[in-house]
Amino acid sequence: MMNEIGVIILAAGQGKRMKSALPKVTHLLGGKPLLLHVLNKAQGLKPARITIIVGHGAQAVRQVYPNDDVTWVIQPQQLGTGHAVLCAKSSFQEFAGDILILSGDVPLISERTLNALIHAHRQRNAALTLLTATLKDPGGYGRILRAPDGELTGIVEEPDATDTQKRIDEVSAGSYVASAPFLFSALEKVKNNNQQGEYYLPDAVSVGLKQGKRIATMKVDDAREMMGINTREELALMEKTLQERINRKWMDNGVTLKDSNTTYIEEDVVIGKDTVIGPNTHLRGNTVIGARCQIDGSAYLTDSQIGDEVQLKFSVVMTSARVAGGAIIGPFAHLRPGSSLGPNVHLGNFVETKEATIGEGTKANHLTYLGDVTIGRDTNIGAGTIVCNYDGFHKYRTKIGDRVQVGSDSTLVAPISLGDDVYVATATTLRHDVPNGALAFNERQERVRQGWTEQKREKMKVSKK
Ligand code: UD1
Ligand code: CA
């Protein structure tokens, strides 16, 4: 079909300027590999097929997207962007539609721009349409060459450009739409007689012009979205751009960020209205924050959900954890994977939970480890309570009922089950189940020796001599 869109994403380069052992497109931006940013945009266009060109560190690059609805093509040697696209020729046999070519290192390009590019290409009936931008600092990009009347005459790469050409501020964004038959036949004619000895994809433009084909250009509205990442500095700057864009969106949606500069929200996070977020907060992955929450600051939440009106006091770390509405957590609490807290639960300072289901209104306010536990509602876990879930071989569960009072400094040795309305006396070590309504305590004699301290000190003095 003529109207079909295919996508080729270039991701075979090493990214030498990153000075990294990892392939460039696997570096993270906003917590997501660069390649995945580009791939997700491509997927948004619902193309007929997507082909990704990999080469350097191909295995690591493929791990970025372990699904099988894209085609991976190996470019054995990185002989240039034109050569890379040509490697995809066989996977586009009998494809008569248009091919959108994207760079794996241009992550912020928007779906809106790509749709506009495809639209412009079709409207002008072009053989190839390229995206351009005007930059204050065009260094490093391919420059757009035009005749005095504005007619496109070619693209020159930075290393091949004359000083005059280097002053041109219109650059190629590295995104193109081209009719498939034209693209591959043009690339077969491209030579590598340039400074870098590479087969340049942009040279398809001059091939097309020589053949009298129509080559169109479209200028991007916001040049920030076509910035490529070639260095760590560019990565950091783009991180900032992305963060500002996401933070602005949430502020526009009624979320207060006390210090937008130190609030790090990833793209897929969702936040309710009138939530107030303090400095140095990281909201990562698929985290969902309810409405009217208060996050004091220094919070680090990954793939976690908190309900409405939850208060996270200073310094809370949550990973794959869930907290229902009205809970108060922290300061200095650590909710590890599988923690699921009911409404109005209170967890205080230095409390760690893991695989813990905790019922409504239950409190554990100080210095406690709750791992592999199920706790009922309105129970109080005293300071310094430790659930011993691990014997060096296996993990065991602890069950604690409703309205239980666990005295401070108690140790519950799992597997163990405490019924409802149980009282555990302070400093008890429990190894056996306790039935509903019972008191559990250890028999231990308390002794006081008069004058012991003075005697001890005298003895120590003598032994020192
Ligand atoms: C490229 C363009 C330049 C444009 C700029 C926009 C070329 C020759 N230059 O320059 O006109 O202004 O992008 O960002 O195309 N790659 C391969 N195989 C290779 C070489 C590169 O797959 O043999 C991939 C890279 O992994 C990268 C992309 O192609 O994802 C672009 O390559 P890069 O070396 O970054 O090109 P630029 O110098 O940025
Ligand atoms: Ca680049």
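Sequence positions, counted from 1, serve as the residue numbers for this chain. When a ligand or atom number is given, it counts from 1 through the structure's own listing order. What you see is a predicted model, and the numbers here were worked out from it, not measured in a lab.
Using a 4.0 Å threshold on non-hydrogen atoms, atom 30 (O) of ligand 1 counts as touching the protein. Protein heavy atoms are absent from the space less than 4.0 angstrom from atom 1 (C) of ligand 1. Within a 4.0 Å radius of atom 13 (O) of ligand 1, the protein contributes no heavy atom.
The side chain of A84, and not its backbone, has at least one atom closer than 4.0 Å to an atom of ligand 1 (non-hydrogen atoms only; side chain from C-beta on). Only the side chain of R17 comes within 4.0 Å of ligand 1, counting heavy atoms alone; its backbone N, CA, C and O stay farther away. Proximity of V171 to ligand 1, defined as any heavy-atom pair under 4.0 Å, is not found for any part of the residue. At a heavy-atom distance under 4.0 Å, no atom of H56 approaches ligand 1.
By the 3.5 Å distance cut-off applied to N or O atoms, G13 is counted among the residues near ligand 1.
Considering only non-hydrogen atoms, atom 9 (N) of ligand 1 lies nearest to E157 out of E157, E198, K16. Comparing heavy-atom distances from atom 15 (O) of ligand 1 across T81, L10, I9, I144 singles out T81 as nearest. Residue nearest to atom 4 (C) of ligand 1, selected from P23, A133, S172: S172 (by heavy-atom distance).
In terms of protein heavy-atom proximity, atom 35 (O) of ligand 1 is nearest to D105 OD2, 3.0 Å. Atom 18 (N) of ligand 1 has its closest protein heavy atom at Q75 OE1, 2.7 Å.
The pair D169-R143 fails the salt-bridge criterion, with no side-chain N (NZ, NE, NH1 or NH2) lying under 4.0 Å from an Asp/Glu carboxylate O.
For N230, the closest heavy-atom approach to ligand 1 falls below 4.0 Å. Using a 4.0 Å heavy-atom cutoff, E158 is absent from the residues neighbouring ligand 1.
By the 4.5 Å heavy-atom criterion applied to side chains, V205 and L209 are counted as neighbours.
Our summary of the site lists the angle at the Ca ion (ligand 2) between OD2 of D105 and OD1 of N230 as 80°, to the nearest 10 degrees.
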